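Since the model is a prediction, treat every value here as computed from it, not as a measurement. Counting starts at 1 for both ligands and their atoms, following the listed order.
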Amino acid sequence: MSTIPTLTYFNGQGKAESIRLILTYLNIEFNDVRVESVTPELKATLTYGQLPFYQDGDFKLAQSAAIARYIALKNDFAGKSIEEKVLADASNDSLWDVIIAIFRSRDQTDADKEKVKSVTIPTFLGAWEKNLEKNEFVAGGDSLTYADISLFAALDYLPKLGFADAIETYPKLKEFKAKIANIPSIKQYLEKRPDTKF
Ligand SMILES: N[C@@H](CCC(=O)N[C@@H](CS)C(=O)NCC(=O)O)C(=O)O
């Protein structure tokens, strides 16, 4: 069995790009498996029939947030104190409240789409901005955690989701995004990122 972990997802950023970026930041080599679809054969091997799915030796894990936390906990990248750890988790979880709302609104009414644009996105971006006005790092400690990388992944995803201008009025978020994008391993990854569909 391969000792290199395997992350299985679609050829999309979606729920996997933050994990890919966390692995990249930590310089962990991994098999980046991108499937076309979840076939019945694949589905039968997945804990909840869903992707992303992570295999590290014999250990198998579903649920994107748990995968990110697992990798972070294993590599001392989850925060130092209990408070830092749970603030990292809370931030990481908050990202999906926005991204899922954007995805859902695509099949909803214009009023729902407008609410996502004028209420949901500003509410969360405003909260992340406020946090970064007080703290250099997302989890409030004195060093990066996986939550910084996952916030970057969400900010980096917004243009693809049709909200390229969303961070324009948030100077701290813009500064933060540029700072993470300039970390050498992340920079190199972004320059070579495969053509990723969604
Ligand atoms: N809560 C799960 C949700 C996973 C999820 O919804 N995965 C979707 C793709 S983003 C999926 O596997 N869809 C295919 C299917 O359900 O057959 C997580 O965060 O990992």
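The residues Glu133 and Lys130 are annotated as not salt-bridged, no charged nitrogen and carboxylate oxygen being separated by less than 4.0 angstrom. The existence of a salt bridge linking Asp142 and Lys80 is confirmed by a sub-4.0 Å separation between a basic side-chain nitrogen and an acidic carboxylate oxygen.
At the top of the distance list for atom 10 (S) of ligand 1, counting protein heavy atoms only, stands Tyr9 OH, 3.2 Å. Regarding atom 7 (N) of ligand 1, its nearest protein heavy-atom neighbour is Leu51 O, 2.7 Å. Remark: minimum distance from atom 19 (O) of ligand 1 to any protein heavy atom is reached at Ser64 OG, 2.6 Å. Scanning all protein heavy atoms for the shortest distance to atom 17 (O) of ligand 1 gives Lys43 NZ, 2.8 Å. Closest protein heavy atom to atom 3 (C) of ligand 1: Gln50 OE1, 3.7 Å.
When non-hydrogen atoms are compared, ligand 1 lies under 4.0 Å from the side chain of Lys15 (C-beta onward) but not from its backbone.
For residues 81-93, the set of pairs meeting the salt bridge (Lys or Arg N to Asp or Glu O under 4.0 Å) definition, not counting sequence neighbours, comprises Arg69-Asp89, Arg69-Asp93.
Judged by distance alone, the side chain of Ser91 and the main-chain N or O of Leu87 form no donor-acceptor pair under 3.5 Å.
Within ligand 1, the atoms closer than 4.0 Å to a non-hydrogen atom of Phe10 are 9 (C), numbered from 1 in the order shown. Residue Pro52 has at least one heavy-atom neighbour below 4.0 Å for each of these atoms of ligand 1: 20 (O).
Taking any N or O of Ala65, backbone or side chain, none lies under 3.5 Å from an N or O belonging to ligand 1. At least one N/O-N/O distance between Gln63 and ligand 1 falls below 3.5 Å.
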| field | Evaluation steps, side-chain hydrogen bond (donor to acceptor under 3.5 Å, both in side chains), between Ser94 and Asp97 | value | CA-CA 5 Å; Ser94 77; Asp97 290 343; over 6 Å; no
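Here the straight-line distance linking atom CZ of Phe198 with atom CG of Leu161 works out to 10.5 Å at 0.5 Å rounding.
Between Pro5 and Glu29, the shortest heavy-atom distance links the atoms CD-O, 3.4 Å.
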